[in-house]
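Shown next, in structure tokens, is the structure this report addresses.
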Amino acid sequence: MPLVSASHVSMQFTGPVLLDDVTLDVEKGARIGMIGRNGSGKTTLLNILAGRLEPAQGKRILQRGVKVAYQEQELTYAPGATVLEEMRKVFADEARLQQRIADLEHLIAEESGERKRERLLEEYGRLRQRQDSAGVYDIDRRIETMLSSLGLPEETWEQPVEGFSGGERNIIGLAQVLLSDPDVMLLDEPSNHLDLEGVEWFIDFMRRSEAAVVMVSHNRHLLDAVITEIWELRHRKVKCWTGNYTDFQRQKAEAAARQERQYKSQQRLIQRIEFQARRLRDMARAYDDPGQAKRAKAMLRRIEQMDKVERPDSAEPLFQAALGGAARHGRIALVVNDFSFSYGDRVLFDGAGLEIEYGDRVCLVGPNGSGKTTLFRRILEEGDWHNQTLRLGKSVRVGEYRQLHDVLDSKATLQEWVSQQTGLTYSRAAALLHRFLFRREDLERRIATLSGGEKSRLQLAKLAHDQVNFLMLDEPTNHLDIPACEQLEEMLMEFEGTLFVISHDRYFLDKLVNRVVEVQDRRLVYHRRTFAAWWQEKLAARTRRRRGALERDARPKEERRDGRREFEERKQRRRELDRLRSRVKALETRIHELEARQEDLKRTLEEVYSSGERQHRAPELNREFDGVKAELATLYREWEALAASLGE
């Protein structure tokens with residue numbers, strides 16, 4: 001039985017129909033990637049599966065007891081709440097359970113009443129069993145591991161969420177979903193704001209997770225590494241394909257070619273039949289032969305009764321423009337010399353240096369928060385032939401793309417902004433926008449109403465008009481759908497100038513980059529090789545470090561622990577010792593009571609046997625004595641084990 005289903009779902013807002021009679025199932029262990037053009041209804045379908053949106057027709061079906069977690073692109077949070085406070089909300093039930101267990105340990109140790117103590121011990125045992133079966137231990141450590149793995153710096157965890165960028169909030173929302181241990185994860189562009197290390201960690205997490213996953217993503221590397229089924233949203237319908245994204249591309253191309261052959265073959269057959277029918281009609285008129293006319297009608301009915309093969313879909317609409325056009329600049333495109341930069345006490349760059357030559361295709365990589373976008377901004381705002389620290393080539397003409405789209409005027413219309421930025425007349429601005437897939441009705445829209453993908457196309461339209469020979473692009477694929485990403489790659493491959501790009505899209509970088517600059521220890525480290533070669537080398541180095549760590553694990557503990565790890569281990573030991581001591585104290589109190597009760601029962605039994613009341617009271621007393629003895633034996637074993645652990 002599917003965990004969650006959409007049954008004959010249709011959806012329409014104020015515009016055209018988004019989904020039309022869509023039926024889909026999410027089975028246990030599914031790994032589904034949802035793709036389609038921007039605006040095709042991917043996020044809408046996710047919201048319906050999550051139960052946050054009621055379809056206009058049809059229904060969503062959720063199996064009883066199934067837990068669904070939805071990571072949306074806009075995080076909802078309490079005003080003033082810090083990152084850790086928001087993360088701990090995921091474990092609200094577990095935290096209450098842990099607190100109740102801790103409270104019970106103190107109550108048991110202090111309670112003197114026998115009956116009340118027995119009730120407390122019974123509850124304590126029941127809750128401990130729940131804790132063990134759920135694996136609820138060390139919530140803070142799990143949160144810290146998740147945030148670190150996704151690339152959120154530790155110094156930010158105590159800061160209010162509202163102070164974070166949209167991308168950082170996206171990471172926080174993703175961490176909440178991954179920690180919530182759901183049966184079904186619904187993820188909307190989960191890798192958009194992860195750095196390269198974060199994406200690789202996320203892929204490994206997805207492979208190990210037992211949850212079913214439905215993921216909207218345009219990250220083709222992620223879709224290849226994790227996904228086993230593709231949902232393609234197109235023309236208000238969803239078509240399901242088996243396999244990852246590469247399998248989908250191959251199958252779709254084969255299906256399109258097969259359909260093209262079948263369509264053309266059927267059209268040729270129809271033309272022959274129509275030709276024969278026309279001849280028969282002509283003969284019927286010429287010779288006044290009703291039989292020939294009847295045969296002609298029968299042949300035309302044969303055409304009507306055919307199962308028609310649909311004409312294959314036309315190709316996706318493409319950008320009709322190229323990037324660049326300026327004359328070649330000199331040998332040097334950019335020289336960064338002894339560059340330093342700080343935010344308050346936080347040093348991002350300290351004496352960094354870099355040289356990029358004409359024709360280089362360079363990517364700038366590094367962890368989130370390492371200063372990549374800051375370096376771009378400084379170059380764009382201060383770079384000049386006469387600036388000895390950030391020196392641009394004398395004939396360099398720079399074109400920029402900003403991932404946050406803050407170069408756009410949200411109050412202006414598309415046509416107004418393009419005219420202002422390019423100097424084009426309104427009619428020529430409209431023609432330029434049309435080449436980037438904007439329709440006539442889009443021209444008077446305010447930029448504030450555009451989607452992320454539409455804002456990306458608007459920036460690319462301006463770049464296509466500018467005569468530039470040095471492109472600086474900050475996450476250009478983040479908001480583009482897959483067809484648009486692939487077309488941008490083609491445009492950049494044809495670009496003859498110099499490319500300097502920040503991106504975490506491995507497909508994009510594998511195609512385009514022949515040099516890598518890595519932000520490392522507040523410096524810029526230049527690697528004269530392709531991105532693919534650099535990444536393979538980095539993975540090999542990581543493997544060697546892990547092997548070295550395993551070898552060090554065989555040494556005494558005091559030789560292998562460094563600062564952070566040692567601190568975490570000490571903190572974990574303190575928590576475990578506190579728990580063990582509380583439990584040992586509770587056990588000792590209970591054992592003392594039972595031993596006292598055992599002595600009382602012994603004396604009472606001796607009195608009963610000597611007084612002749614054996615027949616009436618002895619059976620009941622013996623049963624109680626045996627129960628106390630058995631419980632003591634169990635508690636002794638647990639006490640010995642805990643005492644040994646404390647000794648260690």
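Treat the numbers as computed from the prediction; the structure is a model and nothing was measured. Side-chain atoms are counted along with the backbone in the values below, which use heavy atoms only and exclude waters and symmetry mates.
Cation-pi geometry between Arg169 and Tyr77 is not satisfied (NZ or CZ under 6.0 Å from the ring centre, within 45° of the ring normal).
Asn368 places a side-chain N or O within donor-acceptor distance of the main-chain N or O of His193, the cut-off being under 3.5 Å. In this structure, the side chain of Asn469 engages the main chain of Ser395 through a donor-acceptor pair within 3.5 Å. Between the side chain of Ser149 and the main chain of Thr145, a donor-acceptor pair closer than 3.5 Å is present. A donor-acceptor pair is defined here as one N or O able to donate and one able to accept, closer than 3.5 Å; such a pair exists between the side chain of Arg457 and the backbone of Phe436. With hydrogens and angles ignored, the 3.5 Å screen pairs a side-chain donor or acceptor of Thr413 with a backbone N or O of Glu416. Between the side chain of Glu229 and the main chain of Cys240, no donor-acceptor pair closer than 3.5 Å is present. Under the 3.5 Å distance criterion, the side-chain polar atoms of Asn47 are left unmatched by any main-chain donor or acceptor of Thr44. No donor-acceptor pair closer than 3.5 Å links the side chain of Asp474 to the backbone N or O of Gln403. Judged by distance alone, the side chain of Thr530 and the main-chain N or O of Asn514 form no donor-acceptor pair under 3.5 Å. Between the Asn244 side chain and the Asp224 main chain, a donor and an acceptor come within less than 3.5 Å of each other.
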Chi angles and distances behind the side-chain contact (heavy atoms from CB on, under 4.5 Å) call for Thr82, Val161: CA-CA 5 Å; Thr82 67; Val161 175; 6.0 Å; no
Evaluate side-chain contact (heavy atoms from CB on, under 4.5 Å) for Ile143 paired with Val83, printing each intermediate quantity in order. CA-CA 10 Å; Ile143 291 172; Val83 174; over 6 Å; no
Show your working on side-chain contact (heavy atoms from CB on, under 4.5 Å) between Leu437 and Glu454 and close with a plain yes or no. CA-CA 9 Å; Leu437 311 182; Glu454 289 169 326; over 6 Å; no
Test Glu400 against Phe376 for side-chain contact (heavy atoms from CB on, under 4.5 Å), laying out the working first. CA-CA 9 Å; Glu400 66 166 313; Phe376 263 42; over 6 Å; no
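Ion pairing between Arg331 and Glu355 holds under the 4.0 Å rule for side-chain N and carboxylate O. Of the charged side-chain nitrogens involved, none lies within less than 4.0 Å of a carboxylate oxygen, so that Glu475 and Lys372 do not count as a salt-bridged pair. Electrostatic pairing of Arg250 and Glu254 counts as a salt bridge here, judged by a charged N lying under 4.0 Å from a carboxylate O. Of the charged side-chain nitrogens involved, at least one lies within less than 4.0 Å of a carboxylate oxygen, so that Arg439 and Asp442 count as a salt-bridged pair.
Across every non-hydrogen atom of Leu194 and Leu150, the tightest pair is CD2-O, 3.6 Å. Contact detail for His218 and His479: the closest heavy-atom pair is CE1-N, 4.2 Å. Heavy atoms only, all atoms of each residue included: Ala175 and Met87 are closest at CB-CE, 3.4 Å. The shortest non-hydrogen separation linking Phe495 to Phe470 is CZ-N, 4.1 Å. Arg397 approaches Ala326 most closely through the heavy-atom pair CD-CB, 4.1 Å. When all heavy atoms are compared, the tightest approach of Phe349 to Ser370 is CZ-O, 4.0 Å.
In this structure, CG on Asp505 lies 9.5 Å from CG on Asn192, to the nearest 0.5 angstrom. Atom CG of Leu488 is separated from atom OG of Ser456 by 9.0 Å, given to the nearest 0.5 angstrom. The distance from the OH atom of Tyr70 to the CG atom of Leu187 is 9.5 Å, given to the nearest 0.5 Å. Atoms CD and CG, from Gln487 and Leu460 in turn, are 9.5 Å apart once rounded to the nearest 0.5 Å. Remark: Arg402 CZ to Thr373 OG1 distance equals 10.0 Å, nearest 0.5 Å. Atom CG in Asp350 sits 8.0 Å away from atom CG in Asp338 (nearest 0.5 Å).
Side-chain contact between Met215 and Leu222 is present, with at least one heavy-atom pair separated by less than 4.5 Å. Between Val398 and Val468, the closest side-chain pair of non-hydrogen atoms is not below 4.5 Å. With a 4.5 Å cut-off on side-chain heavy atoms, Leu390 and Phe339 count as touching. Put simply, the side chain of Leu375 does not reach to within 4.5 Å of the side chain of Leu348, judged on heavy atoms. When side chains are defined from C-beta on, Val226 does not count as touching Phe202, because their heavy atoms never get closer than 4.5 Å. Taking the side chain as every heavy atom from C-beta outward, His465 and Gln421 never approach each other to under 4.5 Å. Residues Phe508 and Pro476 have side chains in contact (heavy-atom distance under 4.5 Å, counting atoms from C-beta outward). For the pair Val516/Trp535, no side-chain contact is recorded, criterion being any heavy-atom separation below 4.5 Å from C-beta on.
Here the options are Lys239, Arg37, Lys252, Lys237, the test is salt bridge (Lys or Arg N to Asp or Glu O under 4.0 Å), and the partner is Glu232; only Lys252 passes. Among Leu392, Leu499, Leu334, the single residue meeting the side-chain contact (heavy atoms from CB on, under 4.5 Å) criterion with Ile356 is Leu334.
Few gaps surround CD on Glu382; more than 12 heavy atoms of other groups in view lie less than 6.0 Å from it. Atom NZ of Lys394 has 12 or fewer neighbouring heavy atoms from other residues, nucleotides or ligands inside a 6.0 Å radius.
Between the side chains of Gln159 and Glu168, no donor-acceptor pair is found at a separation under 3.5 Å.
Centroid-to-centroid, the aromatic rings of Phe248 and Tyr245 come within less than 6.0 Å.
Taking the six-membered ring where tryptophan is involved, the planes of Trp534 and His527 are tilted, since the angle between them lies from 30° to 60°. Classification of the His329-Tyr358 ring pair by plane angle, with boundaries at 30° and 60°, yields perpendicular.
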